[in-house]
Amino acid sequence: AQSVAQPEDQVNVAEGNPLTVKCTYSVSGNPYLFWYVQYPNRGLQFLLKYITGDNLVKGSYGFEAEFNKSQTSFHLKKPSALVSDSALYFCAVRYSSASKIIFGSGTRLSIRP
Amino acid sequence: DTGVSQNPRHKITKRGQNVTFRCDPISEHNRLYWYRQTLGQGPEFLTYFQNEAQLEKSRLLSDRFSAERPKGSFSTLEIQRTEQGDSAMYLCASSLSPGGANTEAFFGQGTRLTVV
């Protein structure tokens, strides 16, 4: 079945430290992968995507993500966390040009000062 | 037109009533999606359109739910005979047709439904 998993419900990081939010996807063809962020009482905001090409993609607000085909992962990273990065993060996947976008269950990122 | 617009933002209704939500996508986007999100959970796919054609509807969606996109522009989502379990945030998103580089979906702020 086509799916995406976020194994951590919550990630806690001190401000200034690097952060990683994990995402894995089920194997099926060549996926399009996305990260979205959601602040309280707001819609989802697009952060970055992997379509093809370089495995390391850069996105908004200093975030980047690394596509790893052998591990079927697409982890979100940032070298130095800010308190304002605290939010809910969703990984998403589309498996073909005709298919819907499937979301993970989300990871709450908490950055302490 | 700077983004996806959803109306109303909030809706409180009594159990058993019908409700209808509207979504206006980004103007050049031909693909439109509906999702449902409960507190702290990921968006759950409901249905999506390519222009006016409804291409897929979630098997989890009961017959009380129906969506339309009659002219390939705005879309409506109707819930008939609402139940308390329908209380959630209903999200609409739009995108260009995938296949190119611009395949990401852009979301509206959602309609929060409360069934009392």
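So you know, we letter chains A, B, ... as the sequences are listed, proteins then strands, and number each from 1. If you're wondering where the values come from, they're calculated on a predicted model, not measured in any experiment.
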* ring-ring contact (aromatic ring centres under 6.0 Å, His included) between A:F103 and B:F107, intermediate numbers included -> CA-CA 13 Å; A:F103 284 82; B:F107 281 79; 5.7 Å; yes
* Asked: Any chain of hydrophobic side-chain contacts (each under 4.5 Å) joining B:V4 to B:L46?
  -> no
* Shortest non-hydrogen contact from A:F90 toward B:Q37 -> CZ-NE2, 3.4 Å
* Asked: Is the CD1 atom of B:I12 crowded by more than 12 outside heavy atoms at less than 6.0 Å?
  -> no
* Same cluster or not: are B:W34 and A:I102 linked, directly or through other Ile, Leu, Val, Met, Phe, Trp or Tyr residues, by side-chain heavy atoms under 4.5 angstrom apart? -> no
* Residue-level contacts of residues 108-116 of chain B with chain A, using a heavy-atom cutoff under 4.5 Å -> B:G108, B:Q109, B:R112
* I would like to know whether B:Y48 and A:I101 meet side chain to side chain contact (heavy atoms under 4.5 Å, CB included); could you show each step before the answer? => CA-CA 10 Å; B:Y48 80 99; A:I101 302 173; over 6 Å; no
* Evaluate whether atom NZ of B:K57 has more than 12 neighbouring non-hydrogen atoms of other residues, nucleotides or ligands under 6.0 angstrom away. => yes
* To do: Only counting residues at least two apart or in another chain, list the ones meeting side chain to side chain donor-acceptor pair (under 3.5 Å) with A:S70.
  => A:N68
* Return the set of residues passing side chain to side chain contact (heavy atoms under 4.5 Å, CB included) with A:A14 (not counting sequence neighbours), or none when no residue passes. => A:N17, A:R112
* **B:R15 atom CZ: more than 12 heavy-atom contacts under 6.0 Å** => no
* Asked: Is A:F67 linked to A:L48 within one hydrophobic cluster, defined over Ile, Leu, Val, Met, Phe, Trp and Tyr using a side-chain heavy-atom separation of less than 4.5 Å?
  -> yes
* **Inter-chain contacts: residues 80-90 of chain B against chain A, heavy atoms under 4.5 Å** => none
* Shortest non-hydrogen contact between B:E104 and A:F34, atoms and distance -> CA-CE2, 3.6 Å
* **Max heavy-atom pair count under 4.5 Å with chain B, selected residue of A:Q45, A:R108, A:Q38** => A:Q38
